Amino acid sequence: MKKIMKTAYLFALIVGAFMFTGCEDWFDVSSDIDAKEDDLYKTENGYFDALIGVYAKMAGTSLYGDQMTISTMDLLAYSYVLRDGAPEIYTSFANFDYKTANTEKVIASIWEGMYNAIANDNKLLERLENADRKIFDDDNYDLIKGEALALRAYLHFDLLRMFGPSKALDKGEKCMPYVTTFGQGNTAYSTFDQVIEKVLADIDAAIPLFDKDPIWTPMETPSNVYLVNRKVRMNAFSVRALRARVMLYAGKTDSEVYDFVSELMDTLQTNINYPRLTTSPQDIDKDKIISGELLFGLYVDKLSNVASGYFPSVTTSKELGSTKEKLDVIFEADKYKMSDVRYELLFVTEEGLPRMRKFRQEQTDNQRSRNQMPMLRLSEIYYIAAETAPDVETALVYINAIRTARSLLGGGIKYKRGGYKLFGCRVSAGNAC
């Protein structure tokens, strides 16, 4: 871990020199930084270290290690019930007030942090273009480049979702830059459609580079430590899942999205390493992120420190909490008699209040689920398939597979003309049972 943080620090130094120094100051430090870069990129391991530096930046608390996964984004989504005396920044985000000093600071840290990670990624891609291929073993050059391209697409796409318009509200206005070079020059802003086009171009360039990804074939513990546990890295499965996510968001036709997703699932389900929906829901008690379903999970060092502040065992004003009433609605507890295993196992009642256990790093947790932040999940692909399926019966195949995996009573929903039959009641437009 120290090695990873050292790499992340080096890249922060490089990018920081570009962002926060004047031209004369830059030339004073550039030769020293260039020398350190040259040393880093002399070996294959140096390129892997540089790639890990990008992941480490993404895992920071200003990005996916907190603000973009646990706190800010879920405050905007009304996922929590705030306690009395909650910090002003909680209530500001919950009320969509982006103009306070604190909210502006968080928003700026997300924007800058994302582009900092992209800058690191672009520096790596730039170096790869001029690299001596002889220093790379097997297909590792392609693997590193594939991950870097996929990460650039992932980061820009999330920037678009946060700072750009939705497809429905898009008026063709320029909303953000899609940066593909490393340097001090400014990148022109792009429209929604232009960003989507560039995201898909990076993904499509990355996909064939994963043809020899070790995740395709079962193997003993690799001799190269960088090839261990491919789920915590961009890989052959996750880059395709990312494409499905982008296609749906971009408003591609249902048939186009479904054809891609169904082909993806048909192809990958024949692979022994392909994640499956859990068949042992009770195991979630020791694997609260359901790691077996992850297509891409980001390693977040000391995630327990972040979680303990938001989800303490005692009531505090800073707690991101919930109530039984809210959870009953989310999980439709009355209808399904609280059978959803997530409700049963991911929350614990303390001081009379339900508290989320998902990100607590408990002693009984399986090692494979520790310090992982879900980034792409298999269930999302099932939902995309259901949403774009050609007919209701096909859609329900995917929906019911997830329902079964979550231990919902009755297993599935049945379709009859005029509505859906669920546990002896009829669901039709505007009428939920």
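Given the structure is predicted, the values throughout are model-derived calculations rather than measurements. The first residue of the sequence shown is numbered 1, and numbering continues consecutively from there.
The shortest non-hydrogen separation linking S166 to Y249 is CA-OH, 4.1 Å. In terms of heavy-atom proximity, G65 sits nearest to L303 at O-CD1, 4.4 Å. Contact record, F359 with P374: CE2-CD, 4.2 Å, taken as the closest heavy-atom pair. Of all non-hydrogen atoms in S238 and L376, the two that sit nearest each other are O-CD1, 3.4 Å. The minimum heavy-atom distance linking A148 with L125 is given by the pair CB-CD2, 3.6 Å. N235 and K231 make their closest contact through ND2-CA, 4.0 Å (heavy atoms, listed as atom of the first residue, atom of the second, distance).
Relative to the six-membered ring of F347, R357 misses at least one condition, a distance below 6.0 Å or an angle of at most 45° to the axis.
Partners of R370 by salt bridge (Lys or Arg N to Asp or Glu O under 4.0 Å), not counting sequence neighbours: none found. For R83, the side-chain hydrogen bond (donor to acceptor under 3.5 Å, both in side chains) partners two or more places apart in sequence, or in a different chain, are E319. Here Y398 pairs with Y258 under the side-chain hydrogen bond (donor to acceptor under 3.5 Å, both in side chains) rule; sequence neighbours left out. Scored by the ring pair (Phe, Tyr, Trp, His ring centres under 6.0 Å) test, F136 finds Y47, Y141 as partners (sequence neighbours excluded). Scanning for side-chain hydrogen bond (donor to acceptor under 3.5 Å, both in side chains) contacts around T388 gives an empty result, with sequence neighbours left out. With sequence neighbours left out, the salt bridge (Lys or Arg N to Asp or Glu O under 4.0 Å) criterion links D259 to no other residue.
Using a distance-only test at 3.5 Å, with no hydrogens or angles considered, a donor-acceptor pair links the side chain of H156 to the main chain of V179. Under a 3.5 Å cut-off, the side chain of S92 and the backbone N or O of I89 do not form any donor-acceptor pair. A donor-acceptor pair is defined here as one N or O able to donate and one able to accept, closer than 3.5 Å; no such pair exists between the side chain of E387 and the backbone of I384. In this structure a side-chain-to-backbone donor-acceptor pair under 3.5 Å is missing from D138 to N140. Between the side chain of T323 and the backbone N or O of K326, at least one donor-acceptor pair lies under 3.5 Å. Between the side chain of R360 and the backbone N or O of P312, at least one donor-acceptor pair lies under 3.5 Å. A donor-acceptor distance shorter than 3.5 angstrom exists from the side chain of R355 to the backbone of S313, with no hydrogens or angles considered. A donor-acceptor pair under 3.5 Å is formed between the side chain of D340 and the backbone N or O of R342. Of the possible polar contacts, none joining the R377 side chain to the I381 backbone as a donor-acceptor pair under 3.5 Å is found. Between the side chain of T404 and the backbone N or O of N400, at least one donor-acceptor pair lies under 3.5 Å.
The distance from the CZ atom of F163 to the SG atom of C175 is 11.0 Å, given to the nearest 0.5 Å. Of the inter-residue distances, the one linking I196 atom CD1 with L160 atom CG reads 5.0 Å to the nearest 0.5 angstrom. From F210, atom CZ reaches atom CD1 of I215 across 9.5 Å, with rounding to the nearest 0.5 Å. Atom CG of L63 and atom CE of M373 lie 11.5 Å apart (nearest 0.5 Å). For the atom pair CZ (R240) and CZ (F260), the distance works out to 7.0 Å, reported to the nearest 0.5 Å. A distance of 10.0 Å separates CZ of R127 from CZ of F182, quoted to the nearest 0.5 Å.
The aromatic rings of F296 and Y55 sit perpendicular to each other, their planes meeting at more than 60°, with 30° as the lower class boundary. Aromatic ring orientation, Y90 versus Y310: tilted (interplanar angle from 30° to 60°).
Crowding of E263 atom CD: a count of heavy atoms from other residues, nucleotides or ligands under 6.0 Å not exceeding 12. With a 6.0 Å radius and a threshold of 12 heavy atoms from other residues, nucleotides or ligands, E197 has its CD atom at or below the threshold.
Comment: D142 does not engage K212 in a salt bridge, judged by the lack of any side-chain N to carboxylate O separation of less than 4.0 angstrom. A salt bridge between E112 and K57 is absent, with no side-chain N of the basic residue lying under 4.0 Å from a carboxylate O of the acidic one. Residues K288 and E344 are not paired through a salt bridge, judged by the lack of any N-O separation under 4.0 Å between the basic side chain and the carboxylate.
S190 and K198 are linked by a side-chain donor-acceptor pair at a separation below 3.5 angstrom, with hydrogens and angles left out of the test. With 3.5 Å as the limit, one finds no donor-acceptor pair spanning the side chains of T278 and E293. Checking Y64 against D158 by side-chain atom types alone, a donor-acceptor pair falls below 3.5 Å.
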### Query
Would S291 and D287 satisfy side chain to side chain donor-acceptor pair (under 3.5 Å), going step by step from the backbone distance to the final call?
CA-CA 7 Å; S291 62; D287 183 10; 2.9 Å; yes

### Query
Where do K145 and E129 land on the salt bridge (charged side-chain N to carboxylate O under 4.0 Å, His left out) test, with the steps shown first?
CA-CA 9 Å; K145 186 174 181 180; E129 288 303 309; 3.0 Å; yes

### Query
What's the verdict on side-chain contact (heavy atoms from CB on, under 4.5 Å) for E325 and D328, showing C-alpha distance, side-chain angles and the deciding distance?
CA-CA 5 Å; E325 291 74 20; D328 283 351; 5.7 Å; no

### Message
salt bridge (charged side-chain N to carboxylate O under 4.0 Å, His left out) for R243 and D204? Distances and angles first, verdict last.
### Response
CA-CA 8 Å; R243 196 182 203 286; D204 289 342; 2.7 Å; yes

### Message
Please determine whether side-chain contact (heavy atoms from CB on, under 4.5 Å) holds for the pair V314 and E351, giving the CA-CA distance in whole Å, both sets of side-chain angles, and the decisive distance to 0.1 Å.
### Response
CA-CA 7 Å; V314 295; E351 296 186 337; 3.7 Å; yes

### Task
Report the C-alpha distance between K302 and Q361 in whole Å, list the side-chain angles of each, state the deciding distance to 0.1 Å, and finish with yes or no for side-chain contact (heavy atoms from CB on, under 4.5 Å).
CA-CA 9 Å; K302 298 180 180 178; Q361 307 300 296; over 6 Å; no

### Task
Check step by step if side-chain contact (heavy atoms from CB on, under 4.5 Å) holds for N120 and K123.
CA-CA 5 Å; N120 293 340; K123 167 56 70 174; 5.7 Å; no

### Query
Step by step, would you call Y78 with F96 a ring pair (Phe, Tyr, Trp, His ring centres under 6.0 Å)?
CA-CA 11 Å; Y78 285 153; F96 309 122; 5.8 Å; yes

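Between Y178 and Y189, the distance from one ring center to the other does not fall under 6.0 angstrom. Checked against the 6.0 Å centroid threshold, W216 and F237 count as a close aromatic pair.
Here the rule is side-chain hydrogen bond (donor to acceptor under 3.5 Å, both in side chains) with R152, and of D121, D202, T180 only D202 fits it. Partner of K42 under the side-chain hydrogen bond (donor to acceptor under 3.5 Å, both in side chains) criterion, out of N45, D38, D39: D39 alone.
Side chains of I330 and Y343 form no contact here, defined as non-hydrogen atoms less than 4.5 Å apart. Side chains of V239 and Y154 form no contact here, defined as non-hydrogen atoms less than 4.5 Å apart.
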